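The structure presented is a predicted model; accordingly, all values stated were derived computationally and were not measured.
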Amino acid sequence: MSETFFKDKDDFIAQYRDSCRKMLGKRYEDLNERDRYFVLASLIAHKARDLRSSAADLKDEKQVYYFSIEFLLGPLLDNYLLNLGIRDVVKAGCRELGTPLDELEQREVDPGLGNGGLGRLAACFLDSMAAVGINGHGNGMRYRYGLFRQEIDHGRQVEKMDNWLENGFSWEARKGESSVLVRFGGNVVRHEDDGRYWFETEGGQIVKAVPYDVPIVGYGGDKVNNLRIWSAEPASEDFDLQAFNNGDYAQAMRFRADVEAISQILYPNDAGEHGRLLRLKQEYLFVSAGLQTVLRDFERAHGKDDWSELPTYVAIHTNDTHPAMCGPELMRILVDERGIDFDEAFQIASACISYTNHTIMPEALEKWPIDMFRNLLPRLYMLIEEIDHRYRDTFPHDRDNWQDLLAETAILWDGQVRMANLSVIFAHSVNGVSALHTGILEDTTLHGFYELTPEKFNNKTNGISHRRFLGNSNPPYGKLITDTIGDGWLKDATQLSRLGQYEDDPSFQEEFAKARQWNKERLASYVKRTSGVELDCSMVFDVQVKRFHAYKRQLLNIMKVMDLRNRLLDDPSLEVRPTAFVFSGKAAQSYTFAKEVIRLINAVADVVNKDGRVNDRIRVAFVPNFAVSSAQLIYPAADISEQISWAGSEASGTSNMKLMMNGAITLGTYDGANVEIAKLVGEDSIKIFGLRTEEVDALRASGTWFAWDVYNKDHERLGRIIDQLNDGTFAELSGSFQSVHDELMMSNDHDLVLADFYSYVKAWEELVQTYGDRRSWIRASIHNTAQSGFFSSDRTVREYNSEIWHA
C-alpha cells in the first residue's frame with residue numbers, strides 16, 4: 001500500500017512540498033507547524049478519497065448505515081498513516097524536512113463530534129467495518145463547537161467554547177450538491193383522489209442539511225468507507241432588511257442564527273424547554289437527512305420499481321435511541337413521497353432497522369413530551385400515533401398480565417413518546433453490549449418486549465480499535481509486540497494471545513517495564529503541563545477516566561483517597577504503597593452532582609498534594625478536558641484500571657478494555673464487560689470487589705438499606721469521611737460539599753457508595769500490595785494484553801454483520 005501513495009521517502013517529500021505550494025501558495029520552509037500539519041493531513045485525506053472513488057462499483061453489495069448522534073473520532077493522522085502502511089515513510093520524510101512527525105501530530109485537534117463511550121464506540125465500529133471489508137457508512141451531526149472545552153477554575157468545571165473548527169478540518173469535504181431539505185412544524189394536509197388518499201406537510205420551517213464527508217480508512221488500505229456528518233443552514237436567505245436598516249442587526253440575522261443553532265453544539269443544555277427542543281431538532285435533522293441520502297443512493301443503484309428489495313441492499317443500525325425516529329421517518333418518506341402502502345412500508349422499515357440499547361436504568365430511557373413532539377414533527381407524530389394504535393389493537397390478550405405488558409411496551413404513554421419502545425417496535429434486532437447488560441435488558445429494562453418477542457434479542461459485547469488504543473497509543477509496547485510476534489496482530493487481534501508464551505520471559509518483562517516507564521514519564525509531563533500536578537513515576541498509577549456520573553462512582557474512589565489521608569495522618573508509620581490517583585472526565589453542563597464530585601476531587605488534590613506528611617505516598621491529579629488524544633496518553637501509563645460502577649448499572653464500558661489491552665490490572669465490580677474480562681484473565685489477573693447484581697437487587701428490594709446505619713456503625717472511619725464533606729477540611733479551594741453529603745445521607749446513597757466502601761478499600765489494598773512483586777505484577781499485565789484480543793471491535797462488527805446486518 002505504501003508504494004500506492006509514495007514510491008519512497010523522496011517521493012513523499014516531493015509531493016508534500018508540491019502540496020504546500022498548491023494549497024497555501026508557500027514553500028514548506030515558509031510555513032509554521034500548524035500549516036505544515038494542515039497540508040500533510042489534507043494530502044493524506046485527498047489520497048484516501050481517491051482510493052474510495054476508485055473502488056469497484058458496489059451497487060450490488062449490501063450497505064450498512066450506522067446512525068449515531070456521536071462519532072468521537074479522535075486525531076486521525078497517525079491512525080491513518082498506520083492503517084495505510086506509510087507511517088515509516090512519512091516519519092522519515094518529515095524528519096529530513098526538519099519537523100518531526102510527532103510534533104506535527106500534536107497540532108491536530110480532537111474533532112468535537114462526540115462526548116463519551118457511545119461516540120467512541122461508533123468511531124471504533126467505523127474503523128473496524130473498513131478493516132474487515134464491510135461497506136459501512138456513518139451518519140451523524142457536524143457540531144460547530146462540539147460539547148465544550150473543560151477548564152478547571154478553583155476546582156470547578158468551567159465550560160468553554162470548543163472551537164475545534166477554528167483552523168479548518170483537513171479530513172472533511174463539503175458536499176453542497178448532496179444537500180437535502182428537512183422540515184420542522186407546519187400543517188399536515190390530507191389529499192384524496194379516486195379513493196386514494198395521501199398527506200403533505202405545508203409551511204413550517206425548512207432547513208437545508210448540508211453533508212460533510214470524512215474518509216474512514218481501513219487497516220491495509222483495501223477499504224475506505226465514509227462518515228457523513230450534517231450541518232444545518234437556511235434553505236433560503238431570510239434577511240430582514242428593515243430591521244437591519246433600523247440598526248437591529250441581531251433581528252436581521254435571526255432566522256439564520258436560529259437555523260444554524262441546530263448544529264452548533266453537541267448536547268445543548270436540556271434543563272430547559274429551549275434546549276430540549278433544540279436537541280429534538282438535532283435528532284430529527286440527522287435522521288431525516290441521512291435517510292433521504294440512503295434512499296437516493298438506493299434509487300440510483302437499483303431504480304424505483306421494487307421497494308421490497310430495500311432490506312436486501314440496506315441495513316440501518318441505530319446506536320441508542322437518538323436515531324429512534326429512523327423507523328417512522330423511513331415510513332414517512334416511503335408512504336408520502338414514494339406512494340408505498342402503510343403496512344408494506346412498516347415491513348420494509350422493520351426489516352432494515354436494528355437497534356443497540358446502551359441504557360440499563362428504565363428512568364434514563366429517552367422520552368419526549370407529546371405536545372412538544374407533535375408541534376415540531378406533526379406528520380411524524382401522526383405515523384407514530386397510528387403505529388401505536390395498531391400495536392394496541394393487535395396486542396395479544398391471551399396472557400394474564402397483558403395489561404401490564406401493554407403499559408410497559410406501548411410507544412405513547414403518560415403524555416410521552418417513549419423512544420426506546422419506538423426503537424424496539426421498529427427493529428428486527430435488539431442487542432445489548434455485554435453479556436450482563438443483555439441479560440438485564442431481557443430480565444428488567446425491556447422485559448416486556450423480551451417476553452413478547454424473545455427472538456429479537458441478542459448480545460454483542462462491545463469492542464475497541466486495538467490499532468488506535470494499542471498500536472497508536474503505546475508506541476514502545478506496540479513495537480515490542482511486533483518485534484516479538486510480528487505485525488499480524490494489527491490485522492487480527494486474536495494473535496495477541498501469542499504473548500501468553502512470553503508472560504514469564506525475563507527479557508520481555510524487562511522491555512515491558514521500560515515501555516511502561518516511558519509512558520508514565522510522557523503522561524507525567526502532560527499532567528504537569530495541564531494541571532500543574534507533579535507525578536512521581538515510581539508510584540503506582542491508579543486511573544479512573546470516563547464521563548462523570550453518579551453510577552460510575554468517582555465519589556467512591558476519592559473517598560478512598562480521603563480515607564487513606566486520614567489513616568496516614570493518624571498513623572504515619574502506616575504502610576501504603578505510594579500511589580498517584582489520576583482522574584479525568586467531563587460532567588454534563590446541567591449535571592450538578594457530577595460537577596460537585598469533580599470539585600471534590602480537585603479539593604482533595606489541593607489538600608493532599610500540598611501536605612508533606614502524606615504526599616510522598618499519595619498524590620491526586622485531575623486531568624482537564626478529557627478527550628481521545630489525552631486518553632491515548634493515559635491508558636498506556638496506567639497500572640490500575642478503576643471500573644467501579646455499582647453492579648448492574650454499567651452497560652459495558654470500553655475504558656476497561658482499553659486499559660486492559662495496555663496491561664493495566666482491573667480493580668472493579670462484577671459489572672458490564674468486567675464480567676467478561678474476569679472470565680478471560682482469571683482471578684489472579686483482576687481484582688473484583690463489592691455486591692453482585694443479584695445482591696444489589698435484593699438489597700434494594702428488602703428496604704433495609706439505610707446510609708445512616710453505616711455512618712453510625714463506624715463513625716470513627718467512614719463517618720469521619722462523610723463529616724469532612726462539610727466540616728471545612730477540604731473547603732479551602734472552593735468551599736464545602738453539603739450537596740455531596742446530602743446525596744449520600746439524605747438521599748440514602750442511591751449508588752451504594754457506602755455499601756461497597758469497605759470491600760473496595762480492602763480490594764485496593766490487596767491489589768497494590770502485590771505491586772511490590774514486580775515479576776508477578778508484570779506477568780499479570782502481559783497476561784491482560786494477551787487476553788484482550790477478544791475485545792477488538794473487529795470481532796464485534798463481524799458478529800453484528802453475521803447475525804444482524806448480513807452485508
Side-chain angles (χ1 to χ4, degrees), residues 67 69 180-192 197-207 209 232 262 270 273-292 295 316 318 320-350 352-353 355 365-395 406-427:
F67 281 64
I69 203 163
V180 297
L181 300 180
V182 177
R183 186 191 305 266
F184 298 103
N187 298 303
V188 180
V189 180
R190 184 180 187 271
H191 298 278
E192 185 171 356
Y197 63 89
W198 68 96
F199 295 89
E200 284 184 336
T201 306
E202 299 176 351
Q205 182 189 54
I206 299 177
V207 172
I262 297 171
D270 60 359
E273 183 174 353
H274 291 295
R276 286 178 59 76
L277 188 63
L278 187 57
R279 188 162 167 173
L280 185 57
K281 283 185 174 182
Q282 286 183 344
E283 292 185 5
Y284 182 65
L285 184 127
F286 93 92
V287 163
S288 179
L291 288 176
Q292 289 183 60
L295 296 187
I316 298 167
T318 56
D320 213 10
T321 56
H322 311 108
M325 287 180 274
C326 275
E329 175 64 9
L330 181 54
M331 282 194 68
R332 184 195 68 79
I333 298 171
L334 291 175
V335 172
D336 291 356
E337 299 180 9
R338 303 300 194 272
I340 307 300
D341 174 74
F342 187 98
D343 290 325
E344 183 183 1
F346 178 81
Q347 294 301 323
I348 291 170
S350 60
C352 289
I353 294 171
Y355 162 55
L365 295 174
E366 187 179 21
K367 305 176 185 69
W368 293 102
I370 282 178
D371 287 343
M372 176 186 289
F373 195 103
R374 180 169 46 204
N375 289 336
L376 184 69
L377 304 167
R379 177 56 177 148
L380 212 66
Y381 180 78
M382 285 180 62
L383 290 164
I384 292 171
E385 190 175 46
E386 180 63 20
I387 291 294
D388 184 67
H389 173 71
R390 297 186 185 202
Y391 180 77
R392 292 166 187 259
D393 276 357
T394 59
F395 197 85
L406 179 59
E408 184 181 341
T409 59
I411 302 170
L412 304 177
W413 199 267
D414 196 24
Q416 295 179 314
V417 183
R418 302 192 290 191
M419 304 305 273
N421 291 11
L422 181 66
S423 297
V424 176
I425 285 173
F426 265 99

For [Y], is there any backbone N or O sitting under 3.5 Å from a side-chain donor or acceptor partner on [X]?
{"X": "S350", "Y": "Q347", "result": "yes"}
{"X": "N421", "Y": "E408", "result": "yes"}
{"X": "D341", "Y": "D343", "result": "yes"}
{"X": "E283", "Y": "P323", "result": "no"}

Can you tell me how far the [atom1] atom of [X] sits from the [atom2] atom of [Y], to the nearest 0.5 Å?
{"X": "F199", "Y": "R379", "atom1": "CZ", "atom2": "CZ", "result": "5.0 Å"}
{"X": "M419", "Y": "I384", "atom1": "CE", "atom2": "CD1", "result": "6.0 Å"}
{"X": "L376", "Y": "Y381", "atom1": "CG", "atom2": "OH", "result": "14.0 Å"}
{"X": "L380", "Y": "L422", "atom1": "CG", "atom2": "CG", "result": "8.0 Å"}
{"X": "L280", "Y": "L277", "atom1": "CG", "atom2": "CG", "result": "6.5 Å"}
{"X": "I411", "Y": "I370", "atom1": "CD1", "atom2": "CD1", "result": "10.5 Å"}

Write down the atom of [X], the atom of [Y], and the distance for their closest heavy-atom approach.
{"X": "T201", "Y": "G185", "value": "CG2-O, 3.7 Å"}
{"X": "C326", "Y": "I316", "value": "SG-CG2, 4.2 Å"}
{"X": "L412", "Y": "D388", "value": "N-OD1, 3.3 Å"}
{"X": "A232", "Y": "V207", "value": "CB-CG1, 3.8 Å"}
{"X": "Y355", "Y": "T318", "value": "CA-OG1, 3.4 Å"}
{"X": "S423", "Y": "A324", "value": "OG-CB, 3.2 Å"}

Close side-chain approach of [X] and [Y], heavy atoms under 4.5 Å:
{"X": "L330", "Y": "F426", "answer": "no"}
{"X": "M331", "Y": "I387", "answer": "yes"}
{"X": "F184", "Y": "L377", "answer": "yes"}
{"X": "Q292", "Y": "V182", "answer": "yes"}
{"X": "H322", "Y": "Q282", "answer": "no"}

Next item on the list: Check the angle between the aromatic planes of F286 and F67 and answer parallel, tilted or perpendicular using the 30° and 60° thresholds.
Entry: tilted
Item checked: salt bridge (Lys or Arg N to Asp or Glu O under 4.0 Å) assessment of R374 paired with D371 -> CA-CA 5 Å; R374 180 169 46 204; D371 287 343; 2.7 Å; yes
Notebook entry, point to check: Just wondering, are more than 12 heavy atoms of other shown residues or ligands nearer than 6.0 Å to CG in N375?
Noted result: yes
Notebook entry, point to check: Do other residues, nucleotides or ligands put more than 12 heavy atoms under 6.0 Å from E202 CD?
Noted result: yes
Next item on the list: Apply side chain to side chain contact (heavy atoms under 4.5 Å, CB included) to the pair Q205 and K281, showing each step before the final yes or no.
Entry: CA-CA 11 Å; Q205 182 189 54; K281 283 185 174 182; 3.5 Å; yes
Check: Under 6.0 Å between the ring centres of F342 and F346?
Finding: no
Next item on the list: Walk me through it: do H191 and V189 pass the test side chain to side chain contact (heavy atoms under 4.5 Å, CB included)?
Entry: CA-CA 7 Å; H191 298 278; V189 180; 3.8 Å; yes
Notebook entry, point to check: Any salt bridge between R332 and E329, counting N to O under 4.0 Å?
Noted result: yes
